[in-house]
K.L.:
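Please read through the structure below; I'll follow up with questions.
Side chains included, hydrogens not; waters and symmetry mates left out as well; all remaining heavy atoms used. Treat the numbers as computed from the prediction; the structure is a model and nothing was measured. Residue indices begin at 1 and follow the sequence shown.
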Amino acid sequence: MYEIVKSISFCYGHRLMHYEGPCMHLHGHNAEACIKLRSDSLDHRGMVVDFGDIKRDIKAWIDDNLDHTMLLAQDDPIIEVLKQAGEKFYVMEDNPTAENISRLIYQYVESRGYPVVSVTLWETGTSYAEYST
């Protein structure tokens, strides 16, 4: 079995709804998404997937949708304020926790046909969440 991991750094802001604590306020993180792919065989080049393909496809989506963006739950009342101000935001179905962001990235990678095993989202240097199926 072969496995590769591509790490993609990005910055995002968020706040957690229905939460008591400092994360209920708007704040930001410098995140690292580690995308693990697995295959029992290699392609004609001797690769699971070309790292350049992941960068071109997945990193581009993260840069366009999540990087320097406020990630917000669909019921967050700040969405209307940000719309009126012309600010960039991304609405998530669920609370924008590290767990849900890792699942969001996983689902995108999977939708692109990559043999994804897991996505680990480092929210800080000491805390991460991982999503796998």
K.L.:
Side-chain donor-acceptor contacts of residues 18-25 below 3.5 Å, not counting sequence neighbours, with atom names and distances?
P.N.:
from  : atom 1 : to    : atom 2 : distance (Å)
His18 : NE2    : Asp75 : OD2    : 2.8

K.L.:
Restricting to pairs with a member in residues 61-89, which pass ring-ring contact (aromatic ring centres under 6.0 Å, His included), not counting sequence neighbours?
P.N.:
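Passing the test, one end in residues 61-89: Trp61-Tyr108.
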
K.L.:
Show your reasoning for whether side chain to side chain contact (heavy atoms under 4.5 Å, CB included) applies to Tyr12 and His29.
P.N.:
CA-CA 6 Å; Tyr12 70 94; His29 294 282; 3.7 Å; yes

K.L.:
State the CD1-CG distance between Ile101 and Leu121, to the nearest 0.5 angstrom.
P.N.:
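One finds 5.5 Å between CD1 of Ile101 and CG of Leu121.
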
K.L.:
For the residue pair Trp122 and Cys34, what are the closest heavy atoms and their distance?
P.N.:
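Minimum heavy-atom contact is CD1-SG, 4.0 Å.
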
K.L.:
How many angstroms lie between atom CD1 of Ile8 and atom NZ of Lys55, to the nearest 0.5 angstrom?
P.N.:
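If we round to the nearest 0.5 Å, Ile8:CD1 and Lys55:NZ are 10.0 Å apart.
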
K.L.:
Is there a path of hydrophobic side-chain contacts, each under 4.5 Å between heavy atoms of I/L/V/M/F/W/Y residues, joining Leu26 to Leu66?
P.N.:
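Leu66 does not cluster with Leu26.
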
K.L.:
Rounded to the nearest 0.5 Å, what separates atom CD in Glu123 from atom CG in Asn30?
P.N.:
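Reported to 0.5 Å precision, the distance equals 11.0 Å.
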
K.L.:
Same cluster for Ile58 and Leu71 if Ile/Leu/Val/Met/Phe/Trp/Tyr side chains link at under 4.5 Å?
P.N.:
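Yes, Ile58 and Leu71 fall within the same hydrophobic cluster.
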
K.L.:
Under 4.5 Å between side-chain heavy atoms, counting indirect links through other Ile/Leu/Val/Met/Phe/Trp/Tyr residues: same cluster for Met92 and Met17 or not?
P.N.:
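The answer is no; the residues belong to distinct hydrophobic clusters.
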
K.L.:
Please walk me through it: do Val5 and Ile35 pass side chain to side chain contact (heavy atoms under 4.5 Å, CB included)?
P.N.:
CA-CA 5 Å; Val5 176; Ile35 301 160; 5.9 Å; no

K.L.:
Report the C-alpha separation of Tyr128 and Ser102 in whole Å, then their side-chain angles, then the decisive distance to 0.1 Å, and conclude whether the side-chain hydrogen bond (donor to acceptor under 3.5 Å, both in side chains) test is met.
P.N.:
CA-CA 9 Å; Tyr128 69 86; Ser102 64; over 6 Å; no

K.L.:
Are the side chain of Asp67 and the backbone N or O of Phe10 linked by a donor-acceptor pair below 3.5 Å?
P.N.:
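Judged by distance alone, no pair lies under 3.5 Å.
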
K.L.:
Measure across Ile105 and Ala33 and return the closest heavy-atom pair with its distance rounded to 0.1 Å.
P.N.:
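Taking every non-hydrogen atom into account, CD1-CB, 4.0 Å.
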
K.L.:
Report yes or no: does Asp40 contribute a side-chain atom to a donor-acceptor pair with the main-chain N or O of Met1 at less than 3.5 Å?
P.N.:
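A pair under 3.5 Å: no.
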
K.L.:
Between His14 and Pro96, what is the shortest heavy-atom contact and its length?
P.N.:
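Residues His14 and Pro96, closest heavy atoms: ND1-O, 2.7 Å.
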
K.L.:
Between Asp43 (side chain) and Met47 (backbone), is there a donor-acceptor pair under 3.5 Å?
P.N.:
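The answer is yes, because a donor-acceptor pair under 3.5 Å joins these two groups.
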
K.L.:
Does a side chain donor of either Ser118 or Lys36 reach within less than 3.5 Å of an acceptor in the other side chain?
P.N.:
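No, no side-chain donor-acceptor pair sits under 3.5 Å.
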
K.L.:
Assess whether side chain to side chain contact (heavy atoms under 4.5 Å, CB included) is satisfied between Lys59 and Lys6, documenting all intermediate values.
P.N.:
CA-CA 10 Å; Lys59 183 179 183 317; Lys6 176 68 175 169; 6.0 Å; no

K.L.:
Tell me the salt bridge (Lys or Arg N to Asp or Glu O under 4.0 Å) pairs involving residues 101-113, sequence neighbours left out?
P.N.:
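Found Asp57-Arg112, Asp94-Arg103.
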
K.L.:
May I ask whether Leu72 and Leu104 are part of the same hydrophobic cluster, defined by side-chain heavy atoms of I, L, V, M, F, W, Y residues being less than 4.5 angstrom apart, directly or through others?
P.N.:
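Shared cluster, no.
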
K.L.:
Begin from the C-alpha positions of Asp53 and Tyr114 and carry the test side chain to side chain contact (heavy atoms under 4.5 Å, CB included) through to its verdict.
P.N.:
CA-CA 10 Å; Asp53 292 344; Tyr114 290 97; 4.0 Å; yes

K.L.:
Tell me the closest heavy-atom pair linking Val116 and Leu37, and the distance in Å.
P.N.:
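Looks like CA-CD2, 3.5 Å.
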
K.L.:
Do the side chains of Met70 and Ile78 get nearer than 4.5 Å, heavy atoms only?
P.N.:
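Side chain of Ile78 against side chain of Met70, heavy atoms only: no contact under 4.5 Å found.
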
K.L.:
Compare every heavy atom of Glu93 with every heavy atom of Gln74, then report the nearest pair and how far apart it is.
P.N.:
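Smallest heavy-atom distance, with atoms named: NE2-O, 3.4 Å.
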
